[in-house]
Undergrad: 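The structure's right below; bear with me while I get my questions together.
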Amino acid sequence: MENMKLNNGYMIPEIGYGTWQSPDSEVTVNGVKAAIACGYRHIDTAAAYKNEESVGEGIKESGIARKDLFVTSKVWNTQRGYEKTIAAFEKTLSDLDLDYLDLYLIHWPASKKDYENWEEINLETWRAMTDLYKAGKIKAIGVSNFKPHHLEALMKTEVKPMVNQIEFHPGFMQEETVKYCRENGILVEAWSPLGTGRMLTNPDLQEIASHYGKSVAQICIRWCIQHDVLPLPKSVTPSRIEENSNVFDFEINAEDMQRIDALENFGGSGLDPDEVDF
Ligand code: A2P
């Protein structure tokens with residue numbers, strides 16, 4: 001797997017191992033170990049996934065050198081604001097049993113549905129992220145589920161976000177957000193690149209996949225990469241973990257890329273950052 005470069009020059013491996021909905025148990029310890037054994041060097045977790053201890057254990061048992069791994073976590077919605085974010089970060093480090101993170105993200109923006117001063121809250125959280133970054137405890141910082149109107153205030157601060165992790169898969173491309181990020185040098189990462197599995201039975205994707213002798217999962221992951229969006233496929237099944245990393249021996253042609261782009265908006269999670277109630 002190759003690396004991509006963030007806007008601060010830090011390198012990030014171009015596929016990440018996703019762990020949303022992976023349990024805090026041996027299942028995740030073994031999943032992380034299987035991922036590292038077959039070549040993943042990028043692991044994505046979050047405090048809200050409640051599996052950081054298992055992820056950390058998997059990293060430790062894999063025997064990989066810390067410097068060869070890229071680890072991401074996220075600050076949860078109840079921990080917004082300066083002091084709480086600093087404390088949440090320390091708890092995450094301790095749960096993962098690491099002494100720095102490669103990437104730390106604000107998991108969801110505060111939005112106007114819940115807060116009159118939503119912009120100020122996001123800026124305070126960002127100020128904490130920036131201080132942790134400047135102290136060298138995080139190599140890169142960013143956000144998740146931010147739309148352009150959430151990002152605007154952050155773009156005027158001293159350190160701009162390096163990453164925005166959003167829902168992105170065939171049928172749900174969030175064009176406006178992706179365009180904004182691209183214009184502002186923010187790398188887009190895809191959560192649920194397989195639509196949490198919903199893509200896998202789509203007949204159009206199945207037909208395209210058979211044409212390349214690949215699985216629908218591999219098509220979705222390759223399609224993200226060809227859009228310069230960094231996919232974070234989740235699986236706890238060793239054979240699928242490996243399958244999801246085998247996407248570098250083929251290329252989706254321009255016509256099929258367009259065909260996938262044109263798929264009707266299907267299979268979105270429905271989690272709109274301005275509407276969610278968590
Ligand atoms: P499991 O973890 O049981 O292997 P997403 O990354 O979009 O959130 O999708 C994750 C879901 O897709 C999980 O239910 C995972 O199941 C399943 N999955 C991941 N990779 C594959 C694959 N290559 N083939 C079939 N299902 C997959």
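One-based numbering, in listed order, for ligands and for the atoms of each.
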Undergrad: Could you walk me through whether K74 and Y49 pass the side chain to side chain donor-acceptor pair (under 3.5 Å) check?
TA: CA-CA 9 Å; K74 313 180 190 86; Y49 301 171; 3.0 Å; yes
Undergrad: Any N or O on S215 sitting closer than 3.5 Å to an N or O of ligand 1?
TA: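 No, no N or O pair falls under 3.5 Å.
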Undergrad: Whether the T157 and W126 side chains hold a donor-acceptor pair (N or O, under 3.5 Å, no angle test) is what I'd like checked.
TA: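 Judged by distance alone, the side chains do pair up.
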Undergrad: Would you mind telling me if ligand 1 is within reach of the side chain of K234, the backbone, both or neither, using heavy atoms under 4.0 Å?
TA: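 The answer is both.
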Undergrad: Ignoring hydrogens and angles, state whether a donor on the side chain of Y180 or N164 is under 3.5 Å from an acceptor on the partner side chain.
TA: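 Not at all, the side chains of Y180 and N164 share no donor-acceptor pair under 3.5 Å.
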Undergrad: Going by distance only, is there an N or O of V236 that falls short of 3.5 Å from an N or O of ligand 1?
TA: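 Between V236 and ligand 1 (N or O atoms, distance only) the closest approach is under 3.5 Å.
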Undergrad: Please check whether W20 reaches ligand 1 - meaning an N/O of the residue sits under 3.5 Å from an N/O of the ligand, judged on distance alone.
TA: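 No - when backbone and side-chain N and O of W20 are compared with those of ligand 1, no distance drops under 3.5 Å.
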Undergrad: When you compare the side chains of H227 and D261, does any donor N or O come within less than 3.5 Å of an acceptor on the partner?
TA: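 Note: H227 and D261 side chains meet the donor-acceptor criterion.
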Undergrad: Determine whether the side chain, the backbone, both or neither of A217 has a heavy atom under 4.0 Å from any heavy atom of ligand 1.
TA: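 It is the side chain that touches ligand 1; the backbone stays farther off.
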Undergrad: Looking only at heavy atoms, is any part of P193 under 4.0 Å from ligand 1, and if so is it the side chain, the backbone, or both, or is it neither?
TA: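 Both backbone and side chain.
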Undergrad: Kindly confirm or rule out an N or O of L194 lying under 3.5 angstrom from an N or O of ligand 1.
TA: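 Among all N and O atoms of L194, at least one is under 3.5 Å from an N or O of ligand 1.
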Undergrad: What about W76 and F278, are their ring centers closer than 6.0 Å?
TA: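 Yes.
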Undergrad: Distance under 4.0 Å to a non-hydrogen atom of G195: what atoms of ligand 1 satisfy this?
TA: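 Result: 7 (O).
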